[in-house]
Amino acid sequence: MDDNTFEKTPITLLGLGAMGTALARTWLTAGHPLTVWNRTPAKAEQLAAAGATVARTADEAVAASRLVVACLLDDASVGEALAGIDLHGKDLVNLTTSTPGEARTRAEWAHGRGARFLDGGIMAVPPMIGIREAGGYVFYSGSRALFDDHRSALEAPAGATYVGEDAGFAALHDVALLSAMTGMFAGVTHAFALIRKEDVAPRDLAPLLVDWIGAMGSMVHLTAARLESGDYTSDVASNLAMMVAGNATLLRTADEQGVSPELLIPYMELMERRLEAGHGSEDGTGLVDLL
Ligand code: NDP
């Protein structure tokens, strides 16, 4: 702890899984008085040695600080852990991954119990927490006043990006990025499968994939501009008719390599539907409308 401990906001943290433990260590290092609680008490032992106060119950933990952070498995576990606990005057920050709907319902639930509420979606894995250069950050939405009041505490583990008063927006942004990541990893999985039985080292393909994904990533800006203008056909460099024809080559290659096309097919079918509806001169933006 540093000499400024007395100036740092006391924090209560509920949940000491991989993410909660990383958060706890960062707040302790930054000098925040920290009270922790975990359903399985053994996980708190190392943090106690590092200076955390360990509460025996969630109730006791919540009572210890105005700022209460939950980082539990899912929304249901938040409801379970906080059931029947007095939240009057508390600032509840929920870093548990939720859906936008769950976050909105949880915000109403917290307001009904007298607490201010901020939802967070963590865009980092535990080893990135507390390491500024790692680039991790948290989307926050809900009470702007809570965010402003506790900003320095919230920024200790990772960057803080506030996306609106609607409590569901942090989860919406979080899940939008995670969903894009899922598609990206599906493509990477297929790419590695294609070379699996060939004399091509995965470590040699890896940097090529990274560069290609980076180069293609900038297309996201074009899609956003087209969605906003409604113009899907001006200056199209790669039209849908050409891309659907190209898909056949991807599928024949998968067949030659003995690789299941199951990760590619759903997206390709969507492209075909858009083409059959007469949109062959568009780029891929129309698939957003189709979904
Ligand atoms: P873990 O599985 O490591 O930990 C889960 C935590 O939730 C444990 O503290 C567990 O307690 C607790 N828990 C589960 N069910 C209940 C319940 N019914 N009542 C009380 N406590 C419960 O998960 P992480 O720490 O990795 O993740 C926590 C949150 O952070 C999740 O919402 C996750 O999506 C999010 N997150 C995680 C990332 C990661 O890479 N790890 C990345 C970004 C977000 P116990 O120890 O008793 O089982």
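Counting convention: from 1, in listed order, for ligands and their atoms alike. Source: prediction; values computed, not measured. Note that these values count all heavy atoms, side chains included, but never hydrogens, waters or copies made by symmetry.
The Leu16 neighbourhood of ligand 1 comprises atoms 9 (O), with distances under 4.0 Å to a heavy atom of that residue. Short contacts between ligand 1 and Thr96, defined as distances under 4.0 Å to a heavy atom of the residue, involve ligand atoms 32 (O). Contact atoms of ligand 1 toward Glu80: 18 (N) (distance under 4.0 Å to a heavy atom of the residue). Those atoms of ligand 1 that come under 4.0 Å of a heavy atom in Gly15, given as number and element, are 9 (O). Remark: ligand 1 atoms within the under-4.0 Å shell around heavy atoms of Val125 are 40 (O). Short contacts between ligand 1 and Pro126, defined as distances under 4.0 Å to a heavy atom of the residue, involve ligand atoms 39 (C), 40 (O), 41 (N). Heavy-atom proximity to Lys43, at under 4.0 Å, picks out these atoms of ligand 1: 45 (P), 46 (O), 48 (O). Every atom of ligand 1 with a heavy atom of Thr97 under 4.0 Å away is listed here by number and element: 32 (O), 33 (C), 34 (O), 35 (C), 36 (N), 44 (C).
Between Phe147 and Tyr140, the ring centre distance stays below 6.0 Å.
Taking CG of Asp74 as the start and OG1 of Thr97 as the end, the distance is 9.5 Å to the nearest 0.5 Å. In this structure, CD1 on Ile11 lies 7.5 Å from CG on Leu154, to the nearest 0.5 angstrom.
Here the protein heavy atom with the shortest distance to atom 31 (C) of ligand 1 is Leu72 O, 3.2 Å. Here the heavy atom of the protein found nearest to atom 3 (O) of ligand 1 is Ala18 N, 2.9 Å. For atom 47 (O) of ligand 1, the closest heavy atom belonging to the protein is Thr40 OG1, 2.5 Å.
Distances shorter than 4.0 angstrom do not occur between any heavy atom of Asp74 and any atom of ligand 1. Using a 4.0 Å cutoff on heavy atoms, Ala124 counts as a contact of ligand 1.
Nearest heavy atoms, Leu16 versus Lys43: O-CD, 3.4 Å. Pairing each heavy atom of Leu275 with each of Gly280, the nearest pair is CD1-CA, 3.4 Å.
For atom 20 (C) of ligand 1, the choice among Arg39, Met128, Met19 with the nearest heavy atom turns out to be Arg39. Relative to atom 30 (O) of ligand 1, the option among Cys71, Ala158, Ala76, Ala44 with the closest non-hydrogen atom is Cys71.
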Between His111 and Glu108, is the side chain to side chain donor-acceptor pair (under 3.5 Å) condition met? List the steps. CA-CA 5 Å; His111 296 154; Glu108 283 174 27; over 6 Å; no
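Using a 30° and 60° split on the angle between ring planes, His173 and Phe169 fall in the tilted class, from 30° to 60°.
Residue contacts with ligand 1, taken as heavy atom pairs separated by less than 4.0 Å, do not involve Met123 at all. Heavy atoms of Asn38 found under 4.0 angstrom from ligand 1 belong exclusively to the side chain.
Between the side chain of Arg106 and the main chain of Asp75, a donor-acceptor pair closer than 3.5 Å is present.
Salt bridge present: Arg151 and Glu155 bring a charged side-chain N and a carboxylate O closer than 4.0 Å. Using a 4.0 Å cut-off between a side-chain N of Lys or Arg and a carboxylate O of Asp or Glu, Arg113 and Asp86 do not qualify as a salt bridge. Asp119 and Arg104 are not joined by a salt bridge, as no carboxylate oxygen comes within less than 4.0 angstrom of a charged side-chain nitrogen.
When only interatomic distances are considered, the shortest N/O to N/O separation between Leu73 and ligand 1 falls below 3.5 Å.
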